Amino acid sequence: MKILVIEDEAELRRSIKEYLYNEGYVVESANDFLKASEKTSVYEYDCVLVDITLPDGSGLDIIKQLKKAGSEAGVIIISAKNSLDDKIIGLEYGADDYITKPFHLSELNARIKALLRRKNFEGNDDIIVNDLTINTQSKNVILNKEDLNLTQKEFDLLLFFVANKNKVITKEAIAERLWGDGVDNMDSYDFIYTHIKNLRKKIIDKNGFDAIKTVYAMGYKFVVE
Amino acid sequence: MSSLLNKTSSYYIIFSLLIFMAGGIIFFFQIRRILNIDLTESLYNEKRLIELELVKSGSPLVTKLVYGNNLEIKESKEKVVINETLIDTVLYETLEEETLPFRQLRFGLNSVKGNYVITIRKSTLESNDLVETISNVLIILFLVFIVCMFLINRWMNKKLWKPFNETLQKLQEFELSNNSPLIFPKIKTKEFDQLNVSLTQLSNKIITDYNSIKEFTENASHEIQTPLAVIINKLENLIQTEGLNEEHFAAIQAVYESAIRLSKLSSSLLLLTKIDNNQYIQKESVDIRSVIEKYLSVYEDVINEKGIKLALSLPAAIKIQINPFLAETLISNLVGNAIKHNIQNGEIKISLTAKELNIVNTGSFNTLDTSALFKRFKKGNPASESLGLGLSIIKKIAGNNNMIIDYKIEENRHIISLLF
């Protein structure tokens with residue numbers, strides 16, 4: 001899978017590249033409009049991450065060019081503006097998703113995975129990880145030929161873990177992923193723990209591999225055997 | 001406070017009254033003095049006529065006919081030696097059947113043909129009448145004058161100040177967020193025209209400054225997010241490193257949390273600025289009930305975690321005119337606060353009617369300066385992790401939508417009510 005990161009802020013670009021590279025993607029980057037325009041016109045990408053405000057142009061025009069050239073690449077907008085108007089405009093230009101700075105890398109990764117899954121398998125795919133078989137369409141999780149019977153939240157949690165397997169995921173990222181902006185002003189993230197506990201219990205009860213590990217102070221890690 | 005017009009009118013009346021009163025009094029005494037002198041003079045004139053008559057005809061009696069009652073002549077055998085006297089007196093007038101005021105001149109007249117004591121009287125009534133008539137005419141004239149001048153003055157003032165009042169009204173209607181400067185029609189009065197020109201320039205300057213500050217605040221908020229994104233993402237990569245110990249994680253977590261807080265703080269300030277700048281003016285009919293239900297489900301896990309008992313009194317849909325985004329922000333903050341500042345196994349009571357929303361909850365602290373609570377960065381609990389902006393945002397949104405917000409603590413219950 002080939003991903004192009006178009007972002008003018010060097011350190012941010014480097015961080016994104018590093019995280020995605022470790023996920024096994026081929027990652028290329030462009031720091032301005034001109035380079036981005038060149039790369040997108042020459043190479044094919046599975047996914048393009050594009051910052052709207054570039055020093056020498058608008059990221060929206062890159063999307064326009066991509067769509068004009070009939071590119072099949074999934075497009076995720078990275079914007080500093082958390083505004084509904086910008087989001088709507090971006091999606092009208094043909095972007096598939098919109099993420100606001102600052103974002104969690106685990107969140108960006110999950111969105112890229114979901115986007116690629118939608119693009120390549122038309123949303124009909126079983127993810128097999130450890131002893132689990134996750135069907136993203138029917139939202140069933142099979143373990144040792146038995147249905148795990150997960151709640152919506154537990155399923156989303158598992159999917160988020162699996163997307164970022166072998167990575168430390170912060171509780172903040174989990175809270176934002178599962179509950180959105182609504183809970184970001186809560187003082188404690190204890191409510192996350194309850195769901196993680198329940199998910200682990202369901203897996204262990206079915207003699208599954210206990211993949212969810214607690215990482216001191218930070219969050220959790222889904223370990224793959 | 002009285003208007004400029006009423007003020008000038010009342011000053012005008014007071015001063016003209018004073019001037020007319022003083023003038024009237026002077027005039028009255030002056031007239032009286034002149035009439036007095038005139039009367040005395042006419043008495044002496046008569047005396048001279050009588051003397052002449054006596055010389056001519058040898059008797060003053062002829063004159064008596066001419067002057068009627070006013071002349072009294074007494075013949076005397078001996079030579080009359082009396083001082084000439086001029087006095088004011090009252091006499092009974094048979095004709096009018098009343099006592100009337102007179103001025104009388106008495107003198108002696110001696111000649112070869114006879115000796116006389118002559119008394120000439122003249123009624124002062126006539127001159128008094130005259131003074132009275134003049135005074136009356138004067139008063140009427142004065143009143144008519146005052147009324148006329150008052151009306152003219154009022155009319156004139158109204159006409160003169162009309163452009164000023166129009167300017168004033170435009171100033172009152174001036175709304176910074178409309179981005180339209182004050183524009184006035186050309187006025188013939190120089191001072192008012194200068195005023196209007198200055199106001200137009202001033203409003204242009206204010207609007208420019210306001211827009212640049214607005215832009216600056218927004219840009220600053222956005223610009224701050226990029227370095228924060230760098231910090232957050234660097235840390236997220238850093239924690240993937242093998243061999244980090246608990247000490248490392250604790251330090252990283254502290255930095256990570258602070259960066260996220262800073263980012264949220266910046267977003268909240270931006271939100272406040274945007275509300276201040278009326279950037280959420282597009283209103284729609286929003287069902288408050290469904291917004292409340294949405295956020296109750298968002299917070300469901302937190303509510304369960306804290307063991308909070310919910311008591312809901314939500315009737316059918318309650319629609320109010322508000323910007324949908326602001327409605328969501330308002331409700332999420334209200335409901336969020338009731339949960340966040342609640343105690344373990346606490347209670348939340350939410351009741352919604354067409355007129356108001358009431359949220360009553362148990363709280364972890366029960367002594368609060370409720371008046372200061374809506375101020376930015378004011379926290380109920382200083383140790384709290386919260387930003388202290390929630391209530392200012394609530395207040396700002398409420399104020400922006402003409403809702404009245406009230407916060408109080410009664411019997412260990414925090415009560416926040418919002419009147420639509």
Side-chain angles (χ1 to χ4, degrees), chain A residues 7-19 22 51 53 78-85 100-109 153 164 166-173 175-176 178-195 215-219 221, chain B residues 218 221-237 239-241 244-246 248-254 256-257 259-260 263-264 267-268 270-271 274 294-295 297-306 325 328 332-333 335-337 339-341 384-387 389-390:
Chain A
E7 164 65 57
D8 58 316
E9 172 65 38
E11 288 303 333
L12 195 60
R13 195 170 62 238
R14 217 167 286 165
S15 295
I16 297 169
K17 275 173 81 176
E18 186 182 336
Y19 198 93
N22 288 333
D51 187 356
T53 44
I78 300 171
S79 171
K81 276 190 192 171
N82 185 11
S83 105
L84 193 64
D85 288 345
T100 310
K101 286 183 201 171
F103 48 83
H104 301 289
L105 289 172
S106 48
E107 174 68 28
L108 178 67
N109 184 33
K153 283 260 153 58
N164 293 286
N166 289 326
K167 287 268 162 70
V168 178
I169 307 175
T170 61
K171 2 182 228 307
E172 287 82 0
E176 212 178 296
L178 267 70
W179 286 272
D181 284 341
V183 292
D184 67 2
N185 57 0
M186 287 295 138
D187 283 346
S188 110
Y189 290 106
D190 292 344
F191 56 94
I192 297 174
Y193 176 68
T194 314
H195 287 275
V215 179
Y216 180 80
M218 295 302 312
K221 189 174 187 174
Chain B
E218 282 201 52
S221 285
H222 291 141
E223 286 309 314
I224 250 176
Q225 300 297 355
T226 303
L228 285 172
V230 173
I231 297 173
I232 290 167
N233 293 355
K234 286 276 159 194
L235 294 175
E236 281 173 344
N237 274 326
I239 55 173
Q240 312 305 335
T241 319
L244 292 175
N245 61 29
E246 290 191 352
H248 295 142
F249 279 130
I252 292 170
Q253 176 62 22
Y256 186 68
E257 250 179 47
I260 289 174
S263 156
K264 282 172 188 165
S267 310
S268 294
L270 178 65
L271 174 65
K274 280 176 150 181
K294 176 185 163 184
Y295 281 96
S297 88
V298 166
Y299 291 122
E300 195 186 355
D301 294 301
V302 193
I303 293 168
N304 292 339
E305 186 65 34
K306 274 200 163 179
F325 174 73
E328 299 236 336
S332 77
N333 270 293
V335 177
N337 272 343
I339 298 164
K340 184 162 68 174
H341 301 301
S384 153
E385 286 276 308
S386 72
L387 304 170
L389 284 176

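If you're wondering where the values come from, they're calculated on a predicted model, not measured in any experiment. Each chain gets a letter, A, B and so on, in the order its sequence line appears, and its residues count up from 1.
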Measuring from atom [atom1] of [X] to atom [atom2] of [Y], what distance do you get when rounded to the nearest 0.5 angstrom?
X	Y	atom1	atom2	result
B:Gln225	A:Leu12	CD	CG	12.0 Å
A:His104	B:Glu236	NE2	CD	6.0 Å
A:Tyr216	B:Asn245	OH	CG	10.0 Å
B:Asn304	A:Thr194	CG	OG1	8.5 Å

Problem set entry | Worked check of side chain to side chain contact (heavy atoms under 4.5 Å, CB included) between B:His248 and A:Met218 | CA-CA 10 Å; B:His248 295 142; A:Met218 295 302 312; over 6 Å; no
For this session: State whether the side chain of B:Asn237 and the backbone N or O of A:Ser15 hold a donor-acceptor pair below 3.5 Å, judged by distance alone.
Result: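 Between the backbone of A:Ser15 and the side chain of B:Asn237 there is a qualifying donor-acceptor contact (under 3.5 Å).
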Exercise. Can you find a heavy atom in the side chain of B:Asn233 that is under 4.5 Å from one in the side chain of A:Phe103?
Worked result: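 B:Asn233 reaches A:Phe103 side chain to side chain.
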For this session: Identify which part of A:His195 has an atom lying under 4.5 Å from any heavy atom of chain B, answering side chain, backbone, both or neither.
Result: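 The answer is the side chain of A:His195.
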For this session: Quick one: which of A:Lys167, A:Lys153, A:Arg14, A:Arg13 has the most heavy-atom pairs under 4.5 Å with chain B, could you say?
Result: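 Sorted descending by pairs with chain B, the first entry is A:Lys167.
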Exercise. Considering only heavy atoms, which portion of B:Tyr256 lies under 4.5 Å from any heavy atom of chain A: side chain, backbone, both, or neither?
Worked result: side chain
Problem set entry | Interchain contact, B:Ile239 with chain A, by part (heavy-atom threshold 4.5 Å) | both
For this session: Could you give me the CA-CA distance, side-chain angles and deciding distance for B:Gln253 and A:Lys171, then say whether side chain to side chain contact (heavy atoms under 4.5 Å, CB included) is met?
Result: CA-CA 10 Å; B:Gln253 176 62 22; A:Lys171 2 182 228 307; 3.6 Å; yes
For this session: Using a cut-off of 6.0 Å, state whether more than 12 heavy atoms not belonging to B:Phe249 lie near its atom CZ.
Result: yes
Problem set entry | Minimum-distance pair of heavy atoms, taken over all atoms of B:Ala229 and A:Pro102 | CA-CB, 3.5 Å
For this session: May I have the step-by-step check of side chain to side chain contact (heavy atoms under 4.5 Å, CB included) for B:Gln240 and A:Tyr19, ending in yes or no?
Result: CA-CA 9 Å; B:Gln240 312 305 335; A:Tyr19 198 93; 4.0 Å; yes
Exercise. Just checking, any donor-acceptor pair under 3.5 angstrom between side chains of B:Thr226 and A:Glu9?
Worked result: no
